[in-house]
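These figures come from a predicted structure and were not determined experimentally.
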Amino acid sequence: MTVRIGVIGTGMIGQDHIRRLTHVVTGTRVTAVFDIDTARAEEVAASVGARALPSGAEVIDAADVDAVVVTSWGPTHAEHVLAAIAAGKPVFSEKPLATTAEDCLRIIEAETAHGTRLVQVGFMRRYDSGYREMKKVIESGGIGEPLIVHCAHRNPTVPASYTSAMAAQDTAVHEIDVLRWLLDDEIRSVQVLRPRRTRKRHEHLQDPQIMLMETAEGVRIDLEVFVNCQYGYDIQCETVGEEGLVRLPDPAAVAVRGGGRNATAVLQDWKGRFGDAFDTEFREWAGSVASGAEPTGPSAWDGYAATVITDALVESLESGETVRVDALEKRPAFYGGDAR
């Protein structure tokens with residue numbers, strides 16, 4: 001079976017996913033696209049033999065679209081996801097699921113009323129081989145009960161349009177999802193610390209930030225977000241347990257000796273670091289659509305949780321106080337019952 005896919009949003013990430021669905025994932029074909037930039041949509045559609053349609057709603061309703069991928073501007077995600085649910089079509093939404101917790105809850109209510117899962121949210125780290133190996137170790141009891149997690153998310157630079165709140169909303173959100181999944185635990189409180197600011201930042205920006213979190217089971221998490229580190233794109237994660245620790249491996253790279261040094265290259269962007277994870281993510285999602293099975297990846301509840309937690313982090317950044325996260329105490333049975 002060929003899964004016919006409509007893509008809403010043909011910007012950078014949309015084009016990357018269209019390339020992936022056309023040339024990497026087998027059994028998928030992009031048949032319709034929409035973007036507010038009509039010329040760009042037409043150009044992208046022509047490159048893969050698809051149609052450029054006048055609206056996202058028309059992409060969703062098209063007879064030759066079996067499933068929908070939403071990669072448009074964040075504030076439009078809820079509208080398109082809700083329309084896909086109403087049409088009964090599987091929908092893959094890049095993060096965020098929605099930009100407000102209220103819109104996330106509307107999606108959860110609509111999907112629950114539909115009766116089966118249709119929504120998957122694009123948190124690709126769950127598909128990274130290193131994180132998957134870490135989860136196996138933790139679940140097998142290989143390090144005993146987890147106690148502490150140390151993380152870092154570093155970018156070489158960010159544009160002037162990047163704000164201090166985006167450190168949580170656009171950057172730390174990936175750690176938030178993958179840590180909830182790794183630990184099978186829920187985040188219950190957060191605090192943001194403001195260390196000395198780098199001189200390499202834009203003047204308006206608080207960079208770096210230290211984000212402290214505590215889970216329902218008492219695991220303590222510290223996350224360094226440093227988006228002007230200069231040297232590269234560097235993702236670190238280490239879980240310390242009662243009987244050992246497990247650490248995310250650095251990407252494979254050859255070592256070069258010369259000039260009195262032994263050096264390895266550092267990746268410069270997320271595409272190089274997580275390209276394979278994106279491929280795996282879409283292979284598994286497309287496989288579930290083709291088989292008629294419910295998606296097994298990040299759910300609408302996970303999208304809601306990420307939005308609630310990032311909102312709390314932004315609140316803490318502004319107030320300096322520890323902020324409780326109480327909205328996630330009761331997970332609906334539709335999404336697996338109450339979180340631990």
Side-chain angles (χ1 to χ4, degrees), residues 7 9-25 35 37 40 44 47 69-74 92-96 121-134 151-179 198-202 205-209 211 223-238 247-256 263-283 285 297-298 306 310:
V7 178
T10 59
M12 178 184 65
I13 189 67
Q15 290 181 42
D16 197 43
H17 289 340
I18 289 169
R19 175 197 59 78
R20 183 170 286 109
L21 290 165
T22 304
H23 300 296
V24 177
V25 179
D35 194 277
D37 184 335
R40 180 171 65 189
V44 171
S47 72
V69 172
V70 178
T71 56
S72 52
W73 185 44
F92 179 101
S93 173
E94 268 301 343
K95 62 90 178 169
V121 185
F123 290 119
M124 101 301 284
R125 291 200 190 177
R126 299 190 187 197
Y127 299 88
D128 175 74
S129 59
Y131 279 112
R132 285 187 160 187
E133 286 299 313
M134 287 185 72
C151 299
H153 188 142
R154 304 183 184 114
N155 291 58
T157 60
V158 290
S161 58
Y162 190 99
T163 66
S164 295
M166 290 170 70
Q169 296 165 338
D170 281 24
T171 302
V173 66
H174 290 289
E175 275 77 16
I176 287 166
D177 179 74
V178 82
L179 290 173
T198 173
R199 291 175 295 173
K200 305 294 185 179
R201 76 190 191 284
H202 299 289
L205 189 60
Q206 172 59 50
D207 186 43
Q209 297 178 29
M211 301 178 182
L223 166 60
E224 169 204 324
V225 176
F226 187 11
V227 294
N228 290 281
C229 78
Q230 306 299 303
Y231 71 85
Y233 182 76
D234 189 8
I235 304 299
Q236 301 292 327
C237 183
E238 177 181 276
R247 180 182 295 124
L248 190 69
D250 286 328
V254 297
V256 179
T264 56
V266 177
L267 292 172
Q268 296 299 301
D269 59 40
W270 54 269
K271 286 186 178 181
R273 176 62 181 83
F274 290 113
D276 289 345
F278 277 114
D279 293 347
T280 302
E281 175 185 45
F282 271 90
R283 285 192 186 101
W285 176 71
T310 56

TODO: First locate atom CZ of R132, then atom CE of M134, and finally report the distance between them rounded to the nearest 0.5 Å.
DONE: 14.5 Å
- [ ] Could you pull out the closest heavy-atom pair between C237 and C151, with the gap in Å?
- [x] SG-SG, 3.8 Å
Open item on the list: For T10, is there any backbone N or O sitting under 3.5 Å from a side-chain donor or acceptor partner on Q15?
Closed with: yes
- [ ] Give the ring-plane orientation class for H153 versus H174, where under 30° counts as parallel, over 60° as perpendicular and anything between as tilted.
- [x] tilted
Task: side-chain contact (heavy atoms from CB on, under 4.5 Å) assessment of L248 paired with Y131 - done: CA-CA 7 Å; L248 190 69; Y131 279 112; 3.8 Å; yes
Task: Heavy-atom pair of closest approach, residues V266 and G232 - done: CG1-CA, 3.9 Å
TODO: Report yes if the side chains of V24 and F278 come closer than 4.5 Å at any heavy-atom pair, otherwise no.
DONE: no
Open item on the list: Which heavy atom of P249 sits nearest to which heavy atom of G130, and what is that distance?
Closed with: CD-CA, 4.1 Å
TODO: Determine the minimum heavy-atom distance between G11 and D35, stating which atoms define it.
DONE: N-OD2, 3.8 Å
TODO: Mind checking the CG-CD1 spacing from L223 to I176? Nearest 0.5 Å is all I need.
DONE: 8.0 Å
Task: Worked verdict on F123 versus V173 for side-chain contact (heavy atoms from CB on, under 4.5 Å) - done: CA-CA 9 Å; F123 290 119; V173 66; 3.8 Å; yes
Open item on the list: Check whether T71 reaches the backbone of G9 with its side chain - one donor and one acceptor, N or O, closer than 3.5 Å.
Closed with: yes
Open item on the list: Rounded at 0.5 Å granularity, tell me how far CZ in R20 sits from CD in E281.
Closed with: 8.0 Å
- [ ] Kindly compute the distance separating NE2 (H23) from CG (D279), expressed to the nearest 0.5 Å.
- [x] 12.5 Å
- [ ] Would you indicate whether R19, at its atom CZ, is surrounded by more than 12 heavy atoms from other residues, nucleotides or ligands within a distance under 6.0 Å?
- [x] yes
- [ ] Please determine which of I13, V44, V69 meets the side-chain contact (heavy atoms from CB on, under 4.5 Å) test together with I18.
- [x] V44
Open item on the list: Rounded to the nearest 0.5 Å, what separates atom CZ in R273 from atom CG in D250?
Closed with: 8.0 Å
- [ ] For residues W285 and Y127, determine if any side-chain heavy atom of one lies less than 4.5 Å from a side-chain heavy atom of the other.
- [x] no
Task: More than 12 heavy atoms from other groups under 6.0 Å of CG on D276 - done: no
- [ ] Measure the shortest side-chain to side-chain distance between T280 and S129 over non-hydrogen atoms and say whether it is less than 4.5 angstrom.
- [x] no
Task: Where at least one partner belongs to residues 152-173, residue pairs that pass salt bridge (Lys or Arg N to Asp or Glu O under 4.0 Å), sequence neighbours excluded - done: R154-E224, R154-D234
Open item on the list: Under the rule for salt bridge (Lys or Arg N to Asp or Glu O under 4.0 Å), what residues qualify as partners of R283, not counting sequence neighbours?
Closed with: none
Open item on the list: Just verifying a value: how many Å separate Y162 OH and N228 CG, rounded to the nearest 0.5 Å?
Closed with: 9.0 Å
Open item on the list: Which residues pass the salt bridge (Lys or Arg N to Asp or Glu O under 4.0 Å) test with E175, not counting sequence neighbours?
Closed with: R125
Task: Sub-4.5 Å side-chain heavy-atom contact between D128 and I235 - done: no
Task: Q209 (side chain) donor-acceptor with S164 (main chain) under 3.5 angstrom - done: yes
Task: A168 versus T310, closest heavy-atom pair with distance - done: O-CG2, 3.3 Å
Open item on the list: Looking only at the aromatic ring of each residue, does the gap between the centers of H17 and F282 stay below 6.0 angstrom?
Closed with: yes
TODO: Would you check if the side chain of Q268 reaches a backbone N or O of Y231 as a donor-acceptor pair within less than 3.5 Å?
DONE: yes
Task: Pairwise side-chain contact, D207 with F226, heavy-atom cut-off 4.5 Å (strictly under) - done: yes
Task: Any V158 side-chain heavy atom under 4.5 Å of R201 side chain - done: no
